[in-house]
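Bear in mind that the values here come from a model prediction, so they are computed numbers and not experimental data. Sequence lines set the chain letters: A, B, ... in the order given, protein chains first and strands last, and positions in each chain run from 1.
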Number of protein chains: 4
Amino acid sequence: MTFELLAFEVAPSSGIPIYRQLMDQVKRLVASEHLKPGDPLPSVRNVATALAVNPMTISKAYSLLEAEGVLERERGKGMKVAATKNVAKSTEQRLEILQPSVDSIIAEAKQLDIGLEQLTQQIEKSF
Amino acid sequence: MTFELLAFEVAPSSGIPIYRQLMDQVKRLVASEHLKPGDPLPSVRNVATALAVNPMTISKAYSLLEAEGVLERERGKGMKVAATKNVAKSTEQRLEILQPSVDSIIAEAKQLDIGLEQLTQQIEKSF
Amino acid sequence: MTFELLAFEVAPSSGIPIYRQLMDQVKRLVASEHLKPGDPLPSVRNVATALAVNPMTISKAYSLLEAEGVLERERGKGMKVAATKNVAKSTEQRLEILQPSVDSIIAEAKQLDIGLEQLTQQIEKSF
Amino acid sequence: MTFELLAFEVAPSSGIPIYRQLMDQVKRLVASEHLKPGDPLPSVRNVATALAVNPMTISKAYSLLEAEGVLERERGKGMKVAATKNVAKSTEQRLEILQPSVDSIIAEAKQLDIGLEQLTQQIEKSF
DNA sequence: GTGGTCTAGACCACC
DNA sequence: GTGGTCTAGACCACA
């Protein structure tokens, strides 16, 4: 099985809805080709029990990703990464995906009076 | 009027609750010292009519900011920027506050196959 | 002047209304005979300026104390401590006045898991 | 029902706002470990109907307790006692929290001509 | 099912 | 004048 390695993570009390956290993770994994077109995704039930989360929540994430064209439903078998639209992403494109988080951490740092130096240092320390 | 300059703005349908938008604005104004300790804030009713919003919504924002220690209530007179707690915090304390965001952006970068170099570069570019 | 020594104190942002703080102080001073029947009280205006408080607030306190029979209004001259009702209070009576505060600090201590020993020690330290 | 034992009570006309009465009760229950970290709280609607009070009032109490770190929200499931922050505090920290009340009772005692001895005795009697 | 947000309008306490 | 409390009722987001 390919997706035993697939460790989804959710922070249940982070304010961000669980289904959104899941969607973002799948998108990132697809963008970086950790998940390639055609790759199967773990079943709703598996993810649900693994994360101790309501299956409806996983299902919602998958359905929305399908609506966005990131995933495809293989009848009777489950979800897999869609071929169309999921062409390999360039570094620039992947950086673009990350940009909102970059902007947001910079805004936070500035509000906290944390300079560029300190911020990058802290990131290096924790990377 | 003393606070004609204080132009609060809300985007009613941005998904972010109005009271939260207000709180963030006040916090930014305080953090940037556009609002200094002791400065008065416009009255609940004034803001409410100016923004065409229910007074309770403004009141909620003010009350929460008071609970957080950002504002103080002057009985019968209105709200003002608090003196206590708006004192400087140590760099360590502030970095600690930022840490969760640091952890989270690192996790995202790794899922996107973006290395430390690229991440810090991107941050420098956007800072 | 007898009441230059009379230092009223108010904690404007303690949650307790200012007029109530004033009333309680006057009552305690009367109970302990720091203020004896017939003694004059500082004028509304003096107290107001000294405490940087709205004169209406002082006036309200005085009026309520008059309604309770603690003070008397001397026409054209101001307030003085009433004769009736303000007989000297026994130690028991004064302790009774203090009782609510005693109960309340004990409740707080218990919620904070602070024992009798520690509480009394702390009081001795600060007395 | 798991929390049949959780009997909230409110005195509607005690002057103290209902939401505050609720908050204090929850805090006491947490402090005394009748409610332990992770324990669920009755739903807003349940409490509201049980107390014949508007749900928003209960919600306000819960939200403020969340803001204070006493409770946590489990998305879509309800409130539970928070783990973080309900960790033990040092004796010094707890005494510091109590200090304002200590100062205030001492001031009251002095105005009532009640000495240290009598004050501590009275506290011992009522503890 | 859960809590969150907002409205409209009433009433209160304080200054 | 200030903010605070509460109600009744609508609608939304999340699980």
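Closest-nucleotide positions on DNA chain F for Lys77(B) and Lys77(D) were compared, and the one nearer the 5' end corresponds to Lys77(B). Sequence order on DNA chain E of the closest nucleotides to Tyr19(C) and Tyr62(D) puts Tyr62(D) first from the 5' end.
Closest to the Pro17(D) side chain, of the nucleotides dT5(F), dC15(E), dG3(F), is dT5(F).
Residue Glu66(D) contributes atom CD, which lies 11 Å from atom P of dG3(E) at whole-angstrom precision. Look at CE on Met79(B): it is 6 Å from P on dG4(F), rounded to the nearest Å.
Rounded to 10 degrees, the angle separating the terminal helix axes of the helix from dG1(E)-dC14(F) to dC14(E)-dG1(F), each built from five base pairs, is 30°.
Taken residue by residue, residues 49-58 of chain A places heavy atoms nearer than 4.0 Å to DNA chain F at Asn54(A), Thr57(A).
Take Arg45(A) and apply the side-chain hydrogen bond (donor to acceptor under 3.5 Å, both in side chains) test, not counting sequence neighbours, and it matches no residue.
Within a 6.0 Å radius of NZ in Lys110(B), more than 12 heavy atoms belonging to other residues, nucleotides or ligands are found. Within a 6.0 Å sphere centred on CD of Glu96(B), heavy atoms belonging to other residues, nucleotides or ligands number 12 at most.
For the pair Arg73(B) and dG4(F), the criterion of a side-chain N or O lying under 4.0 Å from OP1 or OP2 is met. Contact annotation: Ser59(B) does not reach the phosphate of dG3(F) (side-chain N/O to OP1 or OP2, under 4.0 Å). When the side-chain nitrogen and oxygen atoms of Lys60(D) are compared with OP1 and OP2 of dC6(F), none of them lie within a distance under 4.0 Å.
Counting heavy atoms from C-beta outward, Val102(B) and Gln99(B) have side chains that approach closer than 4.5 Å. Side-chain contact check for Lys27(C) versus Ile97(C): every heavy-atom pair is 4.5 Å or farther apart.
In this structure, Ser63(A) contributes its side chain and Ser59(A) its backbone to a donor-acceptor pair below 3.5 Å. At distances below 3.5 Å, not a single donor-acceptor pair connects side-chain atoms of Glu74(D) with backbone N or O atoms of Lys80(D).
Residue Arg45(B) places a side-chain atom within donor-acceptor reach of the base of dG3(F), judged by atom type and a 3.5 Å distance cut-off alone.
Contact check on Asp24(B) versus Arg20(B) returns a salt bridge, with a Lys/Arg side-chain nitrogen under 4.0 Å from an Asp/Glu carboxylate oxygen.
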Ile18(B) vs Phe8(B), side-chain contact (heavy atoms from CB on, under 4.5 Å): CA-CA, chis, key distance, verdict: CA-CA 11 Å; Ile18(B) 296 172; Phe8(B) 288 130; over 6 Å; no
